[in-house]
There are 4 protein chains.
Amino acid sequence: MEHTFKILPEEKREFILSAAARVFAKNGYYHANVAEICKQAGISNGALYKYFKNKEAVYRSIFEVMVDTLHSRLFAKHVGSDASVYEIISEIFRDLVDLARTHADFLAIYTDVGSCAMNELSPSVSRKLEEGARGFWIDLVRKGKETGEIKKHVMDEAAAYYFDNHLNLLIYSLASRHFDMRLQMYFGSDDEKIADEEKARLLMKSVKMILS
Amino acid sequence: MEHTFKILPEEKREFILSAAARVFAKNGYYHANVAEICKQAGISNGALYKYFKNKEAVYRSIFEVMVDTLHSRLFAKHVGSDASVYEIISEIFRDLVDLARTHADFLAIYTDVGSCAMNELSPSVSRKLEEGARGFWIDLVRKGKETGEIKKHVMDEAAAYYFDNHLNLLIYSLASRHFDMRLQMYFGSDDEKIADEEKARLLMKSVKMILS
Amino acid sequence: MEHTFKILPEEKREFILSAAARVFAKNGYYHANVAEICKQAGISNGALYKYFKNKEAVYRSIFEVMVDTLHSRLFAKHVGSDASVYEIISEIFRDLVDLARTHADFLAIYTDVGSCAMNELSPSVSRKLEEGARGFWIDLVRKGKETGEIKKHVMDEAAAYYFDNHLNLLIYSLASRHFDMRLQMYFGSDDEKIADEEKARLLMKSVKMILS
Amino acid sequence: MEHTFKILPEEKREFILSAAARVFAKNGYYHANVAEICKQAGISNGALYKYFKNKEAVYRSIFEVMVDTLHSRLFAKHVGSDASVYEIISEIFRDLVDLARTHADFLAIYTDVGSCAMNELSPSVSRKLEEGARGFWIDLVRKGKETGEIKKHVMDEAAAYYFDNHLNLLIYSLASRHFDMRLQMYFGSDDEKIADEEKARLLMKSVKMILS
DNA sequence: AATGAATGAGTTTTCATTCAT
DNA sequence: AATGAATGAAAACTCATTCAT
């Protein structure tokens, strides 16, 4: 992200990033088209390359926003909360479902980074995102152990990983057609699609199993 | 897959498909290069287009082999088995770890199909694979309920979905650098990488929770 | 230069190289346009990139041909000759004038490589060419000393360098408009251009000065 | 060069021109980047286009300064001098070596204008420069004939051209890597680079040959 | 007068697909 | 059936120039 981008009016900056996110979400990193990003963002090809060094830099910038968005929209409000672990995760899942309506592209991009196609880029791109999540879950588990919601003998990391896995599964279910199809196959019927809320509910059932 | 491909000697057929799989695994569908596939397969560019209608058809064919391979290497031997659910899943996970050594490419490609980049292709491509898995898990759950390993009140689909999710998580952990990095962050240290067997063990711990 | 280029019919190969040379000669390396090269060569854009790794590789290939052409057309016939040094250089200059008619592009490209614009590329590109020339001149000087045409006390390298400098000046005069203008300014009149033969003659006069 | 440029403080004007010269010297005319010129000159893109009609006009302006600089630094002090021709040329060569330290860019740009890439621009750009040089050399030759340093039968223009050619060769040797490499090949060794003073000395040896 | 963001045509390069042999 | 050279549209990226402020 270049200086020229940082000094843009916030509105325009967000518009450009969300246009780029939309294109990356629809096509994945490699199949995404810089010209289409520009068109959707309402800027010239040249402008984009004034704002960002290259296609990869655009992708990375989206990730930075994504880290902030996911953290602030999912985790931030629960730091220091004294709600039950169950209640907190429930709300996180519900918030994620909301997020899927306003920022579906972010979730889609998240599913892209887990693909083997992104093995080259992903480690450097997604580390910060995962570290933030890990920190949150570990804290939550420790709190859960204090309140007795989580059994003492469970390893902190194992429980945290378990929670994060389920968050991941929900993200994939909300954003990836392959995962949506799987869910449909298990719980759906031909005439109705499984609602996002139902996806959250189904995964909460699994989550519950780690709680005593 | 064209008739010309079907009448090829089985050995050559497999060689071509595994070469293609290798390339798709390394780069993902869109970033994979048809010319490189041909080179690795030791055939001419023209030959590939005699054997397959286009790039997509090659990808689809690989999926067909993948379905068979995964089913026969992971599930087939346990159909009708009277081993415990726990034992069966353990063995499936162990077999998957073995598979990761001989057919790493298949697992990588599987992580590709879950990406948003593949939303256009994935439903038609992966349905059969998931249906096979679902059938197996549902049967296993029913058996588990009979033997008392799984509580009666648990919904068949929920438990099956739970098992399949964990299989998925293991596949992703074995094949995707992003998922490997996550695991490393939770359970690893700087100086040693988490072994594949350890990944299976960690996910088995989660699986166990659904078993009474 | 790729294998695909080497196996082309010689006629086509030469046609492509001479088309490329024409474009490089007209515009210099950086201003030369790959698409125009393709058009002039009567091949598709893609074909060029099957034949050569990139624009630079095309340039380098032209140099290889140039080395051979210049050496065989200017120097080769005089190796082992027992003509006088003066006679030999005279003939080289006359041959160069002929070459300027059939291969003007080569000479133009040679003037390009001496420009500061080419400081990055030139050392690796032109070394072989200069080494060949140096070898020839040194031998000639030694012979000239034996026959008494060149005074013994003159350093071999100094005389060789002197000859090569004059060859260079002739090349530049034949190919570069800037050098042509200079000549015109010294020896020309408004209504008639200095003929190439006259350029050679004028520089021979300088060359003569080193001969006793 | 527009009026707006002429009314700039001299210091700023020179700073801009020397920044532009630096960029042209490094990259040659076509490869030079207007934006980089602006950056190095510490002015805005827009400002440059207020000062100059276009890139070409900047280049031409540099040439004007170059003409003055070369003339005043190399030739001016010797007009009307009664030193020997040899002494004068020696000093010019020494001054050129000094100039190469303070105004290396000018010399580099001079090598650019001799390239075929500049055939379109060069005649109109460099005429004045060459005319100045020619005038000086012709006068010097005439004086040399009077003092007997140069033989009477030598044509004025031929001698003048000879001197100018050697000045040219020295400029190229000082500024172009290709010419530096040539020199190195003739007179250098692997472990030490030929110093600029040595280059001047070597070419003086050739110059001497025209002096009786 | 000065800015520097914006433009968009132009650049080099890639690649799925075709087709003459 | 098989080849692999050829295609050309499309990709990412650059850059001289303009223009609203």
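In what follows, chains are A, B, ... by sequence order, proteins preceding strands, each numbered from 1.
Across the strands present, F:dT17 finds its partner in E:dA6; the criterion is a Watson-Crick or G-U wobble pair with both atom distances under 3.5 angstrom.
Residue C:Y49 contributes atom OH, which lies 12 Å from atom P of E:dT11 at whole-angstrom precision. In this structure, A:I43 places its CD1 atom 15 Å from P of F:dT14, rounding to the nearest Å. If you take OH of A:Y29 and C1' of F:dA11, they are 12 Å apart, rounded to a whole angstrom. Rounded to whole Å, the distance from CG on A:L8 to C1' on E:dG4 is 12 Å. Atom NZ of D:K50 is separated from atom P of E:dG4 by 13 Å (rounded to the nearest Å). In this entry the distance linking CD1 of C:I16 with P of F:dA5 reads 13 Å, nearest Å. In this structure, B:E2 places its CD atom 14 Å from C1' of F:dA1, rounding to the nearest Å. Distance, B:H31 NE2 to E:dC15 P: 7 Å, rounded to whole Å.
The 5' end of DNA chain F is approached more closely, in terms of each residue's nearest nucleotide, by C:T4 than by the other of C:T4 and A:K53. Each of C:G46 and D:L48 lies near DNA chain E, and the nucleotide nearest D:L48 is the one positioned closer to the 5' end. Nearest-nucleotide assignment on DNA chain E puts the 5′-proximal partner with A:G42, out of B:A35 and A:G42.
Under a 4.0 Å N-O distance rule, the pair B:R60/B:E56 qualifies as a salt bridge.
Residue-level contact check: C:N45 touches the bases, meaning some heavy atom is under 4.0 Å from a base atom. Within 4.0 Å of A:K55, counting heavy atoms only, lie sugar-phosphate atoms of the nucleic acid but no base atom. Among the protein residues, D:V34 comes within range of the nucleic acid bases, having at least one heavy atom under 4.0 Å from a base atom. Residue-level contact check: A:I7 touches the backbone only, with heavy atoms under 4.0 Å from sugar-phosphate atoms and none from bases. Within 4.0 Å of C:K12, counting heavy atoms only, lie sugar-phosphate atoms of the nucleic acid but no base atom. Residue contacts for D:K39: at a heavy-atom cut-off of 4.0 Å it reaches no nucleic acid atom on any strand shown. Across all strands shown, A:S44 has heavy atoms under 4.0 Å from base atoms, whether or not it also approaches the sugar-phosphate. Using a 4.0 Å heavy-atom cutoff across all strands shown, A:A57 reaches no nucleic acid atom at all.
Between B:S61 atom OG and B:F5 atom CZ the span is 6.5 Å, to the nearest 0.5 Å. Atom CD in A:E64 sits 11.5 Å away from atom OG1 in A:T69 (nearest 0.5 Å).
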For this session: For the pair D:Y110 and C:H178, evaluate ring pair (Phe, Tyr, Trp, His ring centres under 6.0 Å) and give the outcome as yes or no after the intermediate values.
Result: CA-CA 10 Å; D:Y110 185 77; C:H178 169 255; 5.4 Å; yes

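Distances shown here put a side-chain N or O of D:Y51 below 4.0 Å from the OP1 or OP2 atom of E:dA2. In terms of phosphate contacts, B:N54 brings no side-chain nitrogen or oxygen within less than 4.0 Å of OP1 or OP2 of E:dA16.
In this structure, the side chains of C:E120 and C:Y29 stay at 4.5 Å or more apart for every pair of heavy atoms.
With hydrogens and angles ignored, the 3.5 Å screen pairs no side-chain donor or acceptor of C:R177 with any backbone N or O of D:P123.
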